[in-house]
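Report on the following structure.
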Amino acid sequence: MSKPTKYVYEFAEGSRTMAALLGGKGAGLAEMTGLGLPVPPGFTVTTEACKVYLATGQEPPELGVEAAHALAGLERAMGRTLGAPEDPLLVSVRSGARFSMPGMMETILDIGLNDESVTGLAKASGQERAAWDSYRRLVQMFGRTVMGVDGDLFEAAIAAHRARRGAATDHELDTGELVLLTEEFKDIVRKETGEDFPQDPAEQLARAIRAVFDSWNGERARVYRRREHIPDDLGTAVNIQAMVFGNLGDDSGTGVAFTRDPATGERGMYGDYLPDAQGEDVVAGVRDALPLSELKALDPRAYVELGDHLRTLEAHYRDLCDVEFTVERGRLWILQTRVGKRTAEAAFRIAHDLREEGTVTADEALTRVSGAELTRLMFPRFDVKATDQPLAHGVPASPGAAVGAVVFDSAEAVRRAAAGEPTVLVRRETTPDDLPGMIAAQAVLTSRGGKTSHAAVVARGMGKVCVCDAEELTVDPAARRFTTSTGTVVREGDTVSVDGTAGTVHLGALPLTASDVGRALERGTGTGALTEAVLGALAHADSVRRLEVRANADTPEDAVRARALGAQGIGLCRTEHMFLGERRALVEAMILARDDTARAQALAALLPLQRTDFTGILQAMDGLPVTIRLIDPPLHEFLPDRTELAVRLAGATHPDLHDRQLLDAVERMHEQNPMLGLRGVRLGLAVPGLMAMQVRAIAEAVVGRLRAGGQPHAEIMIPLVGTVEELRLARAETERVLAEVAAETGTPLDLPIGTMIELPRAALTAARIAKAADFFSFGTNDLTQTTWGLSRDDAEASFFPLYLEKGIFETSPFETIDQEGVGRLVQFAVTAAREVDPHLETGVCGEHGGDPQSIHFFHRAGLDYVSCSPFRLPAARLEAGRAAIADTTDTSDTR
Ligand code: ADP
Ligand code: MG
Ligand code: MG
């Protein structure tokens, strides 16, 4: 028989490698226990137990026995008994899943208090007020999370007591008031549930554990998981831990500390401290916390010890760590640690510093940053003039620049986001219930709470702009407005600009300008800690990556910019953009031509224009490959709109002959389904002279560049091929024109001729197509459309949101390559083609070429390059480097 499953682990039995079973928090507590840090003892109920409960509705039968056994051990270790009338042991029951979900699930403190043990606690601690404060918190938390009582009822009762006493905070309520409040809370529980608050400590414990299990499927947790792409079937672990008390007077307190600043990456310990407080007071931002540095004066010993532990943890985890800690009468306890969330800026700086300090290798440093973070740093920032007076200043909790309409609740943010309107969610402070609104909004602004408040932590995790603790603002959600210290009133719907880097809010939309990082990337150099960190990471990525990175660029200006941003060539130069603007008239003339002579004339007029375009691009990319795709869209896309023409004709007294002919042409060329119609190579084969003109323009541009002493490397790409026959014909025509120009100019022209693979049939017959192609470029946009049988624009306008919501798509297949379907076609085609021609060059020129996850896939599929929009190049270079490292070490965290 196999070993029976073990559902309960003491902290001393676990380790950091067991996060899947013990959850992140449990694994962290176990690891710290092993390191000898002062962790209140306890045990962890595994995620496996949770999974059994979620699947069957019942705890596994062994759990009760194992938990009772572990509790007995804890009681022995502490020399106290859970909820005993004299000097009771109290425990916290804390959720903790595999991946950190801050504030998303339940934690219940002070389990074990009841009408008797509250007196025992008061006597043992000598703190009557603290004992009653803890008891009323337990009834409140237990009532809300375990028994399902509306939390507002408790809040209203507290508010009434505060008002009666003229107290500004709960802190000012005395023992007598708290005793009354506890009774009122118990009455609320009885009235709302028809049941008394349970006095039996064992029952409290068992029900609290079950409530934590249930919270895995709570609304908030589900929303968070969907956003963070955390699977729904992991379940949560539950940690049962001896309580320590931060609310025993001035020599006690509770706080949060980081080994470095999680917003900027600056070295040195960093955090918040709240004297004489328990539990979630710091995170909830209910009372203003002190900067951690003030603990130094309040309790130098605890401060120094905390610093030691932070250093131990950072050296051990070799990364930024954060901890939750409590000081109980001068004694320091560490309650939680994890590798801390950080802003994009901090991610780059910390990785860079850890590498310089010799803590991590260059490869590891690269795994600690991502292309998405780099993109965020390239976002523009506000161009603030000295005369722009902010409405208010707050804590710069999560950097970036955001402009949006002010909204005062989560639902409104969600409503407006659905209508495509950018918003700024303004709250006094946020709670986990605000999560949907925080996701929907561009920025979050609060008037209370510090850098470690809920708003700040969650916004940072999402990379969302956040300014908090803007005390000059009086926020009135009921009246849907806020007022500044100078009396300016801002109402729902008014536009504000939130500067999460400076920590300011401005009325109206401020102009934007390039970020320092963006500028430095274009120049290739720059100073400042952040810029150096970014350039360092990119340089290392460039040195390790196998994938080349090219740009999709259609103009000389784009080509210059792409080259500055690190493009190693152009993977896709679209020629149809060259038919727009004033040149439309020439295209119209070509389409309307009645005979070959007229058509030849129109084409001849287009030739020099195209040649000039190609010359400019080849010059900008001198020495690097430029893949030029022959015209792809249906020709009627270059004609005026049918209705517009019809209206114009109907309104004219003397109908214009040209318009008349155009309308005829439009009607003749109309297609039911242009995406699948006369386009791509079909067009080149069907319209005499069109392909020849384009090839000639390319060839003459190459000759011109050679004569000017340049090194042009043009490659000719035939789009939308479905069978090798199409490519053979197109290739013959292309070679004929190349030979013609070569003979005319006396310049040998040996340009590579390749094709796009963007139809499933092309992928499936890749071995045959490879015989006629010098290279393949996967057009993954069209390949996705044709594989799924849907048109992107139509789908996105209709059923896409539904598919995403129903989880049919986890992400859009147009953003991230669908590995199982489209990806398999790519992989199959590469493998098949390489058997025919091992040196066939392969690349990707769809938008997927700039998507981090897709880049990792293309690396594994063995492609030679990815090609993407110029602004995505730096992120693509970085991710190509990360993909190469992941390949050899498999240490990358793709989350
Ligand atoms: P979250 O996952 O939301 O951070 P936690 O389980 O960490 O929730 O609990 C929130 C807070 O409750 C902690 O920051 C800590 O201050 C307090 N807490 C939890 N367990 C204990 C304990 N055993 N003793 C004292 N305070 C505790
Ligand atoms: Mg915590
Ligand atoms: Mg295409």
Side-chain angles (χ1 to χ4, degrees), residues 11 22-29 32-33 38-45 74 77-78 80 82 88-113 121 125 130 133-134 137-138 140-141 145 205 208-209 211-212 215-216 218 220-221 224 236-248 252-258 271-287 289 321-329 331-341 430-432 435 452-454 456-458 461:
F11 290 166
L22 304 180
K25 198 181 287 167
L29 288 167
M32 289 195 291
T33 304
V39 176
F43 55 91
T44 304
V45 175
L74 180 60
M78 301 297 292
R80 287 182 286 168
L82 182 69
L89 170 68
L90 304 184
V91 296
S92 61
V93 172
R94 317 172 63 188
S95 59
R98 165 81 181 86
F99 299 106
S100 151
M101 298 169 59
M104 291 308 133
M105 290 182 307
E106 303 301 351
T107 280
I108 302 158
L109 306 181
D110 303 316
I111 292 280
L113 280 177
L121 177 66
S125 66
D133 188 41
S134 302
R137 281 173 198 258
L138 172 64
Q140 182 177 359
M141 273 199 233
T145 60
L205 180 59
I209 293 174
V212 172
S215 69
W216 176 256
R220 286 193 230 130
Y224 186 84
T236 181
V238 189
N239 303 288
I240 292 89
Q241 185 175 32
M243 283 298 297
V244 291
F245 298 92
N247 54 346
L248 297 184
S252 303
T254 180
V256 180
F258 295 80
D272 288 338
Y273 181 69
L274 200 55
D276 195 13
Q278 189 186 52
E280 298 178 294
D281 296 355
V282 190
V283 192
V286 282
R287 204 158 24 109
C321 294
D322 63 33
V323 302
E324 295 176 356
F325 67 94
T326 284
V327 180
E328 180 182 308
R329 289 199 167 130
R331 178 146 186 215
L332 176 69
W333 295 97
I334 311 288
L335 293 170
Q336 180 176 318
T337 192
R338 64 172 174 218
V339 168
K341 302 213 169 179
T430 62
T431 69
L435 193 67
T452 50
S453 65
H454 178 268
V457 172
V458 175

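All ligand and atom numbering here is 1-based and tracks the order in the structure.
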- Message: Please check: side-chain N/O of T326 versus main-chain N/O of I334, any donor-acceptor pairing under 3.5 Å?
- Response: no
- Donor-acceptor side-chain pairing of D110 and Q278 below 3.5 angstrom: yes
- Side chain or backbone of Q241 under 4.0 Å from ligand 1, or both, or neither, by non-hydrogen atoms? both
- Task: Please confirm whether K25 comes under 4.0 Å of ligand 1, counting heavy atoms of the residue only.
- Result: yes
- Item | V256 and ligand 1 - part of the residue with a heavy-atom distance under 4.0 Å | neither
- Item | ligand 1 to V244 polar contact by distance, N or O atoms, under 3.5 Å | yes
- Item | Stepwise side-chain hydrogen bond (donor to acceptor under 3.5 Å, both in side chains) check, D276 with S252 | CA-CA 5 Å; D276 195 13; S252 303; over 6 Å; no
- Ligand-side contact atoms (ligand 1) for residue partner Q336, heavy atom cut-off under 4.0 Å: 4 (O), 7 (O)
- Message: Pairs of nitrogen or oxygen atoms closer than 3.5 Å, one from S95 and one from ligand 1: do any exist?
- Response: no
- Message: Out of the candidates K25, M32, Q241, only one should pair with L335 under the side chain to side chain contact (heavy atoms under 4.5 Å, CB included) rule; please name it.
- Response: Q241
- Task: Under 4.0 Å from a heavy atom of A242: give me the atoms of ligand 1 that qualify, with their elements.
- Result: 22 (C), 23 (N)
- Does some side-chain heavy atom of P88 sit less than 4.5 Å from a side-chain heavy atom of L82? no
- Message: Just checking: T107, one of its N/O/S atoms, less than 2.8 Å away from the Mg ion (ligand 2), yes or no?
- Response: no
- Message: Using heavy atoms and a 4.0 Å limit, tell me yes or no: is P40 in contact with ligand 1?
- Response: no
- Query: Charged N to carboxylate O under 4.0 angstrom, R94 versus E324?
  - Reply: yes
- Message: Could you measure the distance from the CG atom of D322 to the CZ atom of R338? Nearest 0.5 Å is fine.
- Response: 4.5 Å
